[in-house]
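Below is one structure, written out as structure tokens; comments come after it.
All ligand and atom numbering here is 1-based and tracks the order in the structure. Only a predicted model underlies this, so the values are computations on that prediction, with no experimental measurement involved.
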Amino acid sequence: MFSSPTLQRLVIPVFLLLPFSLAAQDEDTPVFQFRNNIENITGDLYRASNGAWHAIFFVTSEGIVLADPINPDFANWLKGELDARFDVPVTHVIYSHSHFDHAAGAAVFGGATIIAHERVAMNMDGRYMHMPGDMIDRNGNGMIDRKEIDIPTNADPGICGMFPGWFDQIDLDGNGIVPPSELQSTILPPDITYTDRMTLVVGGKTIELMHPGKNHGDDMTVVYFPEEKVVFATDMMADALVRDDIRSLPSACGPLDGTPIKEWIRSYEAVEALDFDIFAGGHGGLFSKEEMMLPAQFLRDLEAAVEEGIARGMSLQEMKDSIMLEEYADWAYYERLRPKNIEAAYQNITRYRF
Ligand SMILES: [Zn+2]
Ligand SMILES: [Zn+2]
């Protein structure tokens, strides 16, 4: 199923980060690379990286548990590394969520049990799935149209949408329209799903899966290793723009990905309630629990400021001009994304019911 070279190019993980933005590097320009790497986190837990995209794997006596295959090319590379280093195969693959730039490639680990939140299966049922950024079914035809990719891509270069030419890469048959099954052709559906929480024991080691609620996606899984006190989650708390410093403004695409801001906050607080020392997420460095308290605080402060502006009858423009969120002035993307975050919060609060 990986015979298409076009498809393999498609899954090179460039989501949210534009190659052409490298031409003008400044503090607000995303920078990325594609180096593959494996590093130990603690004990039998390892981070495997494809540039700025990270997976986590746990080696037990009965098999390796992997969270996020990322893409077929990377999964192939990782399988080779794991086969050379360890004498047990990957027996379980967990999806952090269904998005194509993290969940593709599990077929490489043939026979492994795929585990995901129940909404991952719903997002693979043939209907227009939850997409990252602001890529939504604007014309309601159930298919991905070129315009539906180009609109967010052009509105927020390097932040939302994809990159110029991406649509042609996903349109494998070149007919000008992409049904969901075409985009998801390298994503295996889950074998096991759960609703709220699930405990997985492999080789006597315990792994907890938690659906924190909706935020960046509607089918998120937080993977918690209680003995190691490590958390893995992707595109939430540390989103795709985060690198070595957690202090980075959210990308705030599509009025916060269609999720009420209160639910974002509640879902982040569900992670904060876990007893962990290290957050080893799908993007960004390895962060302490103290650092991981900051993303929810930003959202609480953003929500409070915009709620106050609404209560005082301010227009959106007045809020964008006056809500400075000064305590976040040294965060990455502050100049570029502060107004966007205010607009997203305003649209979110006025549009969505919680
Ligand atoms: Zn995502
Ligand atoms: Zn991501």
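Checked against M220 for a side chain to side chain contact (heavy atoms under 4.5 Å, CB included), the options K214, R119, M236 give a single hit: M236.
Using a cut-off of 4.0 Å between Lys/Arg side-chain N and Asp/Glu carboxylate O, D125 and R127 are scored as salt-bridged.
With respect to the Zn ion (ligand 1), H97 has NE2 as its nearest N, O or S atom.
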Practice problem: For H99 and H216, run side-chain hydrogen bond (donor to acceptor under 3.5 Å, both in side chains): C-alpha distance rounded to whole Å, both residues' side-chain angles, the deciding distance at 0.1 Å, then the answer. | Solution: CA-CA 10 Å; H99 291 163; H216 161 86; 2.9 Å; yes
Practice problem: Decide yes or no on side-chain hydrogen bond (donor to acceptor under 3.5 Å, both in side chains) for H102 and D235, but give the supporting numbers first. | Solution: CA-CA 10 Å; H102 291 275; D235 291 337; 3.2 Å; yes
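Taking the Zn ion (ligand 2) as the corner point, the angle from D235 atom OD2 to H283 atom NE2 is about 140° (rounded to 10 degrees).
None of the N, O or S atoms belonging to H99 lies under 2.8 Å away from the Zn ion (ligand 2).
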